[in-house]
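Every number for a ligand or one of its atoms is a count from 1 in the order of the listing. If you're wondering where the values come from, they're calculated on a predicted model, not measured in any experiment.
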Amino acid sequence: MEQIVAIRSPSRAIPKEGPQNLRDLDREALAAWLAATWTAAGAEPPPRHRADQLFGWLHQRRAADFASMSDLPAVDRARLGTTASLARLTVDAVLTSRDGTRKLRLRTADGAALESVLIPNEERGYTQCVSSQIGCALTCRFCATASLGFLRNLATWEIVDQVYQAQDLLQREADETGAPYPGRITNVVFMGMGEPLHNYNQVKRAVELLTHPHGAALAGRRITISSSGLVPAIERFARDELATEVGLAISLNATTDAVRDQVMPINTRWNIAALLAAVRKVPQQRRRFVTFEYVLLADVNDSDDDTRRLAALVGDMRCQINVIPFNPHEHAPFRRPSSARVQRFMALCRGLGLQVYLRTPRGDDIGAACGQLALTAREA
Ligand code: SAH
């Protein structure tokens with residue numbers, strides 16, 4: 001993965017200043033941190049269940065301060081107050097689309113801005129599209145985030161806090177309207193800003209936290225990590241137990257290397273054959289299909305021949321294909337194909353036995369649709 005960084009810009013480290021942010025630690029690391037911190041202060045290490053209690057306050061109840069952790073001894077709360085941090089992202093704005101999609105504009109402690117999108121789904125809950133990096137090191141020509149360049153990876157706590165901020169928002173709404181239950185986030189997709197497999201460790205830990213039964217308790221099978229095709233990272237994913245927990249989506253977006261080289265320059269390093277060979281190494285579970293995303297760009301990758309080549313490439317795999325008509329923005333020269341063209345592309349794919357789904361744009365009026373997340377200093 002270092003190779004990718006070299007393609008674009010040097011890696012900028014996650015800021016590590018001040019006290020330990022407790023929401024950055026998984027359950028085991030939290031217990032170890034407690035023991036080490038208590039010992040360093042000359043105190044007896046706390047009992048084992050203290051870490052469980054604390055974990056629940058951090059990730060389930062989303063406690064704002066240590067004082068509210070009512071079942072922790074006062075002396076422990078006091079020590080936590082001087083040694084640890086509960087810092088959160090700051091919500092700059094919540095934009096609401098006419099279709100009900102919402103975009104949270106969030107800010108990190110070092111002043112960087114990121115976006116996270118909350119999309120109402122058919123299960124009367126929400127699918128949240130989270131960001132994994134600020135900007136992106138890849139240079140996909142159709143994606144607005146690419147225009148930012150790569151600023152830095154998000155820390156684990158900055159990834160999970162996007163979900164917690166959205167949960168807080170839904171809770172506030174329920175409180176205001178008197179609804180008995182807040183809206184529920186049922187699905188999380190790593191399809192916001194950034195390349196999640198480029199920030200592998202943080203993303204993996206975020207998944208562990210989000211799926212922990214004493215945390216947000218999301219179902220792993222309702223979490224999807226989307227990658228542009230970082231082959232070594234996909235191979236790592238294939239060997240990792242993470243692959244048995246969450247779904248993988250691959251942004252294929254072309255059926256020839258010539259076109260993919262143009263629209264996704266990562267293809268010049270790992271071409272379609274190398275990418276598909278890596279994807280084939282991911283263990284196939286029942287109900288866990290690989291998803292291929294295919295952004296339809298008018299007159300670039302939307303021909304009848306493309307449908308035939310697509311079937312030849314992935315037709316033998318247990319997979320589904322999400323067709324995403326291009327969402328226009330100022331940073332890309334492409335056009336969205338006509339709806340007749342989109343329908344023909346879909347129909348031809350179906351005729352060839354492919355499982356294709358149309359991803360209609362959600363939240364495009366607030367710049368929240370796929371590929372439109374590019375909050376810049378200008379906007380921020
Ligand atoms: N870096 C990851 C995840 C972020 S992009 C990846 O590449 O998969 C999420 C999806 O949005 C990708 O499938 C990408 O191809 C798609 N996308 C990017 N720009 C788009 C645009 N302008 N219109 C429609 N989809 C776009």
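- Only side-chain heavy atoms of His329 come within less than 4.0 Å of ligand 1; its backbone N, CA, C and O stay farther off.
- Classification of Asp306 and Arg309 as a salt-bridged pair holds, one side-chain N sitting under 4.0 Å from a carboxylate O.
- Atom 15 (O) of ligand 1 has its closest protein heavy atom at Asn253 ND2, 3.0 Å.
- At least one N or O atom of Phe142, backbone or side chain, sits closer than 3.5 Å to an N or O atom of ligand 1.
- Checked by atom type and distance alone, the side chain of Gln20 never pairs as donor or acceptor with a backbone atom of Leu22 at under 3.5 Å.
- Arg308 and Asp305 are joined by a salt bridge, as a carboxylate oxygen and a charged side-chain nitrogen come within less than 4.0 angstrom of each other.
- Ion pair Asp71/Arg50 not flagged as a salt bridge, since none of the NZ, NE, NH1 or NH2 atoms sits closer than 4.0 Å to an Asp/Glu carboxylate oxygen.
- The part of Glu293 lying near ligand 1 is the side chain, judged by heavy-atom distances below 4.0 Å.
- Proximity to Ser228 (heavy-atom distance under 4.0 Å) selects the following atoms of ligand 1: 6 (C), 7 (O), 8 (O).
- Contact annotation: for Ser227 versus ligand 1, heavy atoms closer than 4.0 Å belong to the backbone alone.
- Looking at atom 9 (C) of ligand 1, its nearest protein heavy atom turns out to be Met191 O, 3.6 Å.
- Taking every non-hydrogen atom of Ile324 and a distance limit under 4.0 Å, the qualifying atoms of ligand 1 come out as 24 (C), 25 (N).
- Listed by number with element, the atoms of ligand 1 under 4.0 angstrom from any heavy atom of Gly194 are 1 (N), 2 (C), 3 (C), 4 (C).
- Heavy-atom contacts of Glu195 reach the following atoms of ligand 1: 1 (N), 2 (C) (cutoff under 4.0 Å).
- Taking atom 13 (O) of ligand 1 as the reference point, the nearest protein heavy-atom neighbour is Ser251 OG, 2.7 Å.
- For atom 11 (O) of ligand 1, the nearest non-hydrogen atom of the protein is Cys370 CB, 3.7 Å.
- If you check which protein heavy atom lies closest to atom 4 (C) of ligand 1, you get Gly192 O, 3.4 Å.
- By the 4.0 Å N-to-carboxylate-O rule, Arg23 lies too far from Asp161 to be salt-bridged with it.
- Shortest contact from atom 23 (N) of ligand 1 to any protein heavy atom: Asn327 N, 2.9 Å.
- The protein heavy atom nearest to atom 2 (C) of ligand 1 is Ser226 O, 3.3 Å.
- Side-chain contact check for Asn322 and Thr291: no donor-acceptor pair (N or O, by modelled atom type) lies under 3.5 Å.
- Salt-bridge check for Asp26 with Lys204: failed, with every basic side-chain N at 4.0 Å or more from each acidic carboxylate O.
- Salt-bridge check for Arg236 with Glu241: failed, with every basic side-chain N at 4.0 Å or more from each acidic carboxylate O.
- Here the NE2 atom belonging to His214 is positioned 11.0 Å from the CZ atom belonging to Arg61, to the nearest 0.5 angstrom.
- The nearest heavy-atom contact from the protein to atom 20 (C) of ligand 1 is Gly371 CA, 3.3 Å.
- Put simply, the side chain of Thr127 does not reach to within 4.5 Å of the side chain of Met191, judged on heavy atoms.
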